[in-house]
Amino acid sequence: MKLFLTGLAATAAAVCTVAVPAQAASVASVQAAPVDPVKALKAQLVTGKGVKITESGGITLDFTANDQAMQVQVNTRTVGTLAFDKGNVAAADLRVRMSSRQKGPNPPYRVIAEGRNAYVTNAGIAKALPSGRSWIQSKTSEHENTVLNMGVTPAELQFMLDKASEVATGEYQGTAKLADFRHDKSAGEGDVEFHLYFDEHNLLTRTVVDTTAYPDSGSTAYDQMVFHTDTKYSDWGAKVKIAAPAASKVISERKLNAKTRRAVIKAGYPESGPF
């Protein structure tokens, strides 16, 4: 989910030239069953296994420019697979499509993430790259790879369950302050509402998270941001192996000249990078 939110915030900033702070992600669903939902999730996070995800969502950014109220809307759809390793998401293979009301749809792209690297391609990107190359590699300078932050960790699930109550069989609903949800006092003012859905084994099948964020006191960067993510999970426990593209097919983003960079962005490469 963090990938989705990070990508939306970056795109919204590019559309309206307003600095948009990064925003975070989200969560899950429950049904009465003999196994605790957090334990059920932990049991899936083992080497060689994974889960399929389908995530859709959007951001609505309200801001004021030249004393005129304006709004940016961006939608994203992500479909793919997460691979686990010793309690974490170790790799991801995702297809991403993003569109905005202002610019229309961007060409979809595929991203493979592992370690601190993300590799991006589509037919247009491959055509624009030097002969023999078809993937662009980007390496994050941060300690974590945000592309791997999709899905829900056991800690996030436990937090939400502690804040939720059962509203139907296998369905929980809860709310939290944004700073508490992110476990970050600097996250700013905001509210989060979430729904968690579980199958008969207490494994997540769907998470729906709606976040309303407000700027810091005195800030004029934006008036309000509303995030929505709807993530569906399937095939828990499937055998998954995700490998980085062959080195001979990869070129570093840092080695792209200005002409090639313009061409790959036009073909769908994220203007601010995949992270």
Side-chain angles (χ1 to χ4, degrees), residues 1-25 53-61 72-82 89 91-130 133-151 225 227-229 231 242 244-245 249-275:
M1 295 179 191
K2 293 180 183 177
L3 167 64
F4 163 70
L5 294 171
T6 302
L8 287 185
T11 301
V15 171
C16 66
T17 65
V18 174
V20 180
Q23 159 70 24
I53 63 168
T54 300
E55 181 171 289
S56 60
I59 178 176
T60 302
L61 173 67
V72 172
Q73 291 182 342
V74 182
N75 296 311
T76 293
R77 179 175 173 82
T78 302
V79 178
T81 303
L82 305 180
V89 176
D93 187 349
L94 309 167
R95 272 75 173 175
V96 182
R97 179 183 293 273
M98 184 175 291
S99 64
S100 69
R101 187 176 64 182
Q102 285 72 17
K103 292 186 175 182
N106 291 341
Y109 63 88
R110 179 184 177 189
V111 56
I112 290 178
E114 54 83 30
R116 295 173 64 185
N117 299 295
Y119 305 87
V120 176
T121 193
N122 66 18
I125 291 171
K127 185 176 180 180
L129 293 178
R133 310 288 178 168
S134 54
W135 294 82
I136 300 174
Q137 177 207 23
S138 183
K139 190 178 186 71
T140 180
S141 59
E142 304 297 328
H143 293 297
E144 64 178 4
N145 186 335
T146 56
V147 182
L148 301 180
N149 284 338
M150 297 195 75
M225 282 191 293
F227 292 87
H228 169 79
T229 61
T231 308
I242 298 173
K249 299 291 186 181
V250 173
I251 184 171
S252 171
E253 181 182 3
R254 293 177 295 180
K255 293 183 178 181
L256 300 178
N257 59 38
K259 180 180 179 181
T260 303
R261 181 171 179 81
R262 288 194 297 270
V264 298
I265 289 175
K266 184 177 181 180
Y269 186 77
E271 188 167 0
S272 58
F275 300 109

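We're numbering straight along the sequence, starting at 1.
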Q: Which residues pass the side-chain contact (heavy atoms from CB on, under 4.5 Å) test with Glu253, not counting sequence neighbours?
A: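 With sequence neighbours excluded, Glu253 shows a side-chain contact (heavy atoms from CB on, under 4.5 Å) to Ile136, Ser138, Leu256, Arg261, Tyr269, given in chain and number order.
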
Q: Evaluate whether atom CZ of Arg116 has more than 12 neighbouring non-hydrogen atoms of other residues, nucleotides or ligands under 6.0 angstrom away.
A: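 Yes, enclosed.
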
Q: Atom OG1 in Thr60, atom CE in Met225: separation rounded to 0.5 Å?
A: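 The OG1 atom of Thr60 sits 11.0 Å away from the CE atom of Met225.
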
Q: Might you point out which heavy atoms bring Thr81 and Leu94 nearest each other, and give the distance in Å?
A: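 So the two residues come closest at N-CD2, 4.1 Å.
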
Q: Kindly give the heavy-atom pair with the smallest separation between Ala267 and Ile125, and that separation in Å.
A: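 Minimum heavy-atom separation between Ala267 and Ile125: CB-N, 3.6 Å.
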
Q: With the side chain counted from C-beta on, respond yes when Met98 and Tyr109 share a heavy-atom pair under 4.5 Å apart, and no when they do not.
A: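 No - every pair of side-chain heavy atoms lies 4.5 Å or more apart.
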
Q: Taking side-chain contact (heavy atoms from CB on, under 4.5 Å) as the test, write out the residues that go with Ala126, two or more places apart.
A: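 For Ala126, the residues satisfying side-chain contact (heavy atoms from CB on, under 4.5 Å) (neighbours in sequence not counted) are Thr121, Ser134.
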
Q: What I'd like to find out is whether the side chain of Thr54 reaches to under 4.5 Å of the side chain of Arg77, using heavy atoms alone.
A: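 When only atoms from C-beta onward are counted, Arg77 and Thr54 do touch, with a gap below 4.5 Å.
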
Q: List in chain and number order the residues that pass salt bridge (Lys or Arg N to Asp or Glu O under 4.0 Å) with Arg110, two or more places apart in sequence or in another chain; answer none if no residue qualifies.
A: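 Applying salt bridge (Lys or Arg N to Asp or Glu O under 4.0 Å) to Arg110 gives Asp93.
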
Q: Thr140 vs Val147, test: side chain to side chain contact (heavy atoms under 4.5 Å, CB included). Steps then yes/no.
A: CA-CA 10 Å; Thr140 180; Val147 182; over 6 Å; no

Q: Excluding sequence neighbours, so at least two apart, what forms side-chain contact (heavy atoms from CB on, under 4.5 Å) with Lys255?
A: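 Counting only residues at least two positions away or on another chain, Lys255 forms a side-chain contact (heavy atoms from CB on, under 4.5 Å) with Ile251, Ser252.
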
Q: Does either side chain, that of Thr260 or that of Asn257, offer a donor lying less than 3.5 Å from an acceptor on the other one?
A: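 There is such a pair (donor and acceptor under 3.5 Å, judged by atom type) between the side chains of Thr260 and Asn257.
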
Q: Closest heavy-atom contact between Pro270 and Val120?
A: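 Looking at all heavy atoms of both residues, the shortest contact is CD-CG1, 4.3 Å.
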
Q: Any side-chain heavy-atom pair from Ile112 and Ile242 closer than 4.5 angstrom?
A: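 Yes. Closest side-chain heavy atoms under 4.5 Å.
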
Q: So with a 6.0 Å cut-off around NZ of Lys127, is the heavy-atom count from everything else above 12?
A: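 Open.
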
Q: Can you see which heavy atom on Lys139 is nearest to which on Phe275, and at what distance?
A: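 So the two residues come closest at C-CE1, 3.7 Å.
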
Q: Can you measure from NE2 (His228) to CD1 (Ile59) and round to the nearest 0.5 angstrom?
A: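 So the NE2 of His228 and the CD1 of Ile59 are separated by 13.0 Å.
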
Q: Kindly compute the distance separating CG (Leu82) from CE (Met150), expressed to the nearest 0.5 Å.
A: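 One gets 7.0 Å once the value is rounded to the nearest 0.5 Å.
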
Q: Test your reading of the model: is there a side-chain donor-acceptor pair from Asn145 to the backbone of Gly115, 3.5 Å cut-off?
A: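 Yes, because the side chain of Asn145 sits within donor-acceptor range (under 3.5 Å) of the backbone of Gly115.
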
Q: side-chain contact (heavy atoms from CB on, under 4.5 Å) with Ala263: which residues, sequence neighbours excluded?
A: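 For Ala263 the side-chain contact (heavy atoms from CB on, under 4.5 Å) partners, ignoring immediate neighbours, are Ala128.
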
